[in-house]
Structures are given as structure tokens and as C-alpha cells.
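Report on the following structure.
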Amino acid sequence: MALKLGAYTACLHDRPLTEALDILKENGLTSVEVNTGGFIPSPHCPVDLLLSSATAREEYLATFAGRGMELTGLNCNGNPLNPLPGVGPKHADDLRRTIRLAGLLGVRHVVTMSGTPGSDPDATYPSWVVNPWDGVYMDVLDYQWGVAVEFWKEIDALARENDVRVAIEMHPHNLVFSPVTLKRLVDETGATNVGAEMDPSHLMWQGMDVVACIKWLGPLVFHAAAKDATLCPGADIRGVLDTSFTRVPADAPGKVPTGYGFWCNAWPENPAWKFVAVGVGHDVPYWTEFLRALSEIDPDMAVNIEHEDAAYSQTEGLALAAKNLQSAATAL
């Protein structure tokens, strides 16, 4: 067996699925991950149709198989615990539907985020506690973990029922943003079908040792993303917990939605850190060690490129990442 190298097709959202798959194939990639809801739409996965029609599911999977490719993950990143009525309930429903669809398609892994509730039962907005040195924030965390454990027990049971494993991306702004918080969620829920999606980029900018994180989590690592990050000169005065973002106008073309009436903000001109193409922030030998650590857990694991480097076009960045990832795999 060998690691399955591929890509998450969100970076090609403006292309039809068949064209996106052809681009991946041209770059020697065989594993595919598509979006099914949450923060962004799902142009490459007609969820309603596939849930309702076995024939549609057969034809959909044949689109991948006909190109020698495998659908290895459904991605439903969002905040299912958000108290905003236009966000949390929808993202939670998208996740449940995605798990059911994965079971019907025979796709083993669903990628998502843990979510973040509000600070208390009456909160209107989600609240992420960064450093609970003040005792009041321990009260907030106690409440939030209670909400999260109840929700994730339900999701774990649904995943088990559908023979699916849910891989959580450890992402800041979520209760689960590190290996320690991931393991806490698993321990407190007694989960059997919830683990980690090893996206190294967010661990990188937080200052973690990614290979050490993989080894510490061990079999709790279910699925992986190939996504690079680098610290920038702006970190000298901003640190990595910077809030110097600015609003994007409501009528701006190409804005990225995060919920009804909300979308991504604009980064500062001299950020503390940024996402870069695989191999730009960390060299190929680094990625070889990343892949080696993953293969020791599961030699058949899917590792899907997530391209978010604004310095490259969609296809250029994907091609560079694929080249560097394949070079890293060759050195194993």
C-alpha cells in the first residue's frame, strides 16, 4: 500500500467537476476530496440528488473511477455549534447529511471542524477563548465543552451507524484547535468514529511541531491535508494572534461566505503569517518526514492538497504543490 496523494477541489470551485478532475489527473493526483456544505457551497457534489438516487450515486462515483481516481473524503467545514440561527443549525444539518451521504457512497471519511458555541446559553455570537488565565473564562469553557460533548456524541453515533469516520480539522476559532483539544473531545465523548484531519498549516503558525503532533495522536489521525504556512515579518509586531483584519464590502465580487450575512475579512498588508503552496514554507525534506509519520499510522491514508496561496493562480499553485508533495513521497 502507499499514501493516496490528491487534492481538495475547493480551489477549482469555478470549474465543472470533470474539468477539475482532469486538472488533478494532469498533475499525477489520484485522491479527491469535495465540499458538501458548511462555510462554502458544494459545486462538485450535488448532495440532494445523491442522497435521493442510487443511480446518481453510481454515475457520480463512475466519474472518478473512469479517470483512475478515488473519492476519499467529503469536506463539510463549518461551525455546527454557532449560536447564530443562520449558521450553526445549517452547518450541523449539512454535517449530518454529509455523513449519511458518505455512508451511501462508501466514502470512509468526512472532514469538518469541531465548532465553537457562544460563551453562555444566552449568547448571540460564538466566542473563542484564547487564554483562560482569568477564572471567568474557565466558566465559559466549561459551558462550551458541555455543548460540544453533547453534540459530538450524537455525531459519533451517526458516523458509526453509517460506517464513516469524522476527521476534525484542528483549526483556531474552534474548541478543537490542537492535538490536546482533539484528544479531549474524543475522551469526553467516548468517541469511536471521531478523530483528526491532520492539516499541518494551522499547527505550523501556532508554533507546533507537526511531526510530533502526528506521533502523539497516533491512530486518532484519520485523514490528512497537504497545506503549508509560513511566518512573515509582520509577526514581529503582531504576534500570531493578530486581529488587524478589515471588513470586505457586501457588494465585493468574489467574497467568501461563512454564513448568512457573513463572509471572510481582508488580511492586513503585512500579516504575521500566511498560507503558501506546499514546499514554499517548508522544504521537500520536511514534507517527506510529514508523509513518513502519516504512513506509520496508516500507509493507505489520503493526503489531499488544499491550495490557498494567493501568490499563485489556482492551477499554478496546485501544480507546484503536487510536484513538491510527489517529490517528498518519492523520498520515503
Side-chain angles (χ1 to χ4, degrees), residues 5-15 19-29 31-35 39-40 43-44 75 77 169-173 197-208 210 224-249 252-258 263-291 303-329:
L5 305 184
Y8 174 34
T9 64
C11 66
L12 300 171
H13 62 89
D14 57 343
R15 319 288 179 97
E19 184 179 341
L21 294 181
D22 288 341
I23 291 171
L24 267 58
K25 185 175 180 179
E26 290 168 5
N27 286 287
L29 302 172
S31 171
V32 187
E33 185 177 323
V34 299
N35 198 75
F39 285 134
I40 60 177
H44 295 153
N75 190 304
N77 273 332
E169 178 179 349
M170 296 171 283
H171 193 299
H173 293 178
E197 188 233 15
M198 181 49 66
D199 179 338
S201 63
H202 299 287
L203 308 186
M204 289 170 177
W205 69 258
Q206 291 183 81
M208 299 184 206
V210 172
K227 187 178 175 187
D228 209 343
T230 186
L231 294 183
C232 304
D236 291 349
I237 57 171
R238 299 180 184 280
V240 297
L241 299 178
D242 181 39
T243 59
S244 304
F245 287 62
T246 54
R247 294 182 182 274
V248 172
K255 66 181 186 294
V256 179
T258 59
W263 47 90
C264 287
N265 295 315
W267 289 59
E269 290 185 6
N270 61 329
W273 58 272
K274 63 182 179 180
F275 297 125
V276 293
V278 172
V280 173
H282 295 77
D283 60 17
V284 168
Y286 177 97
W287 288 98
T288 296
E289 293 308 308
F290 173 76
L291 296 177
V303 184
N304 294 327
I305 295 165
E306 186 173 357
H307 170 48
E308 292 187 7
D309 188 338
Y312 295 91
S313 72
Q314 297 161 294
T315 54
E316 289 173 337
L318 186 60
L320 177 60
K323 177 183 176 182
N324 287 330
L325 191 64
Q326 289 159 346
S327 296

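Along the sequence shown, the residues carry numbers beginning at 1. Computed from a predicted structure; not experimentally measured.
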Ignoring hydrogens, what is the shortest heavy-atom contact between [X] and [Y]? Give both atom names and the distance.
X	Y	answer
A225	F290	O-CZ, 3.6 Å
A329	L5	CB-CD1, 3.8 Å
T246	N265	O-CB, 3.2 Å
C264	V248	O-CG2, 3.5 Å
N304	Y8	CB-N, 4.0 Å
I305	L325	CG1-CD2, 3.8 Å

message: Would H307 and L12 count as a side-chain contact (heavy atoms from CB on, under 4.5 Å) here? Give the steps.
response: CA-CA 9 Å; H307 170 48; L12 300 171; over 6 Å; no
Roughly how far apart are [X] [atom1] and [Y] [atom2], rounded to 0.5 Å?
X	Y	atom1	atom2	value
W205	D228	CH2	CG	15.0 Å
T230	H282	OG1	NE2	7.0 Å
M170	M208	CE	CE	8.0 Å
R247	W263	CZ	CH2	9.0 Å

Can a donor-acceptor pair be found, under 3.5 Å and without considering hydrogens, that links the side chain of [X] to the backbone of [Y]?
X	Y	result
N75	N77	yes
N324	V284	no
N35	A10	no
D199	E169	no
W273	A235	no

Pairing residues for H13 by the ring pair (Phe, Tyr, Trp, His ring centres under 6.0 Å) criterion, not counting sequence neighbours: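 By the ring pair (Phe, Tyr, Trp, His ring centres under 6.0 Å) rule, H13 matches no residue at all.
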query: Any chance NZ of K255 has more than 12 other-residue heavy atoms, nucleotides or ligands included, within less than 6.0 Å?
result: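 Enclosed: over 12 neighbouring heavy atoms sit under 6.0 Å from NZ of K255.
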message: Working note: Q326 + W287, criterion side-chain contact (heavy atoms from CB on, under 4.5 Å); need CA distance, chi angles, decisive distance, verdict.
response: CA-CA 10 Å; Q326 289 159 346; W287 288 98; over 6 Å; no
- request: Could you go through the side-chain contact (heavy atoms from CB on, under 4.5 Å) check for E308 and K274 one step at a time?
  value: CA-CA 9 Å; E308 292 187 7; K274 63 182 179 180; over 6 Å; no
Which donor-acceptor pairs under 3.5 Å do side chains of residues 313-321 form with protein atoms, sequence neighbours excluded?
{"from": "S313", "atom 1": "OG", "to": "E316", "atom 2": "N", "distance (Å)": "3.1"}
{"from": "S313", "atom 1": "OG", "to": "E316", "atom 2": "OE1", "distance (Å)": "3.3"}
{"from": "Q314", "atom 1": "NE2", "to": "C11", "atom 2": "O", "distance (Å)": "2.8"}
{"from": "Q314", "atom 1": "NE2", "to": "D14", "atom 2": "OD1", "distance (Å)": "2.9"}
{"from": "E316", "atom 1": "OE1", "to": "S313", "atom 2": "N", "distance (Å)": "3.4"}

field: Residue pair H44, L21: steps toward the side-chain contact (heavy atoms from CB on, under 4.5 Å) verdict
entry: CA-CA 10 Å; H44 295 153; L21 294 181; over 6 Å; no
Who passes salt bridge (charged side-chain N to carboxylate O under 4.0 Å, His left out) against [X], sequence neighbours left out?
X	answer
E306	K227
D283	none
E19	R15

- prompt: Would you call the rings of H173 and H171 parallel, tilted or perpendicular if under 30° counts as parallel and over 60° as perpendicular?
  reply: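 Rings of H173 and H171: tilted, 30 to 60°.
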For residues 237-245, run the donor-acceptor check on the side chains, cut-off 3.5 Å, and write out each pair with its distance to 0.1 Å, sequence neighbours left out.
{"from": "R238", "atom 1": "NE", "to": "N270", "atom 2": "O", "distance (Å)": "2.8"}
{"from": "R238", "atom 1": "NE", "to": "N270", "atom 2": "OD1", "distance (Å)": "3.4"}
{"from": "R238", "atom 1": "NH1", "to": "D242", "atom 2": "OD2", "distance (Å)": "3.3"}
{"from": "R238", "atom 1": "NH1", "to": "S244", "atom 2": "OG", "distance (Å)": "3.0"}
{"from": "R238", "atom 1": "NH2", "to": "N270", "atom 2": "OD1", "distance (Å)": "2.5"}
{"from": "D242", "atom 1": "OD1", "to": "S244", "atom 2": "N", "distance (Å)": "3.3"}
{"from": "D242", "atom 1": "OD1", "to": "S244", "atom 2": "OG", "distance (Å)": "2.9"}

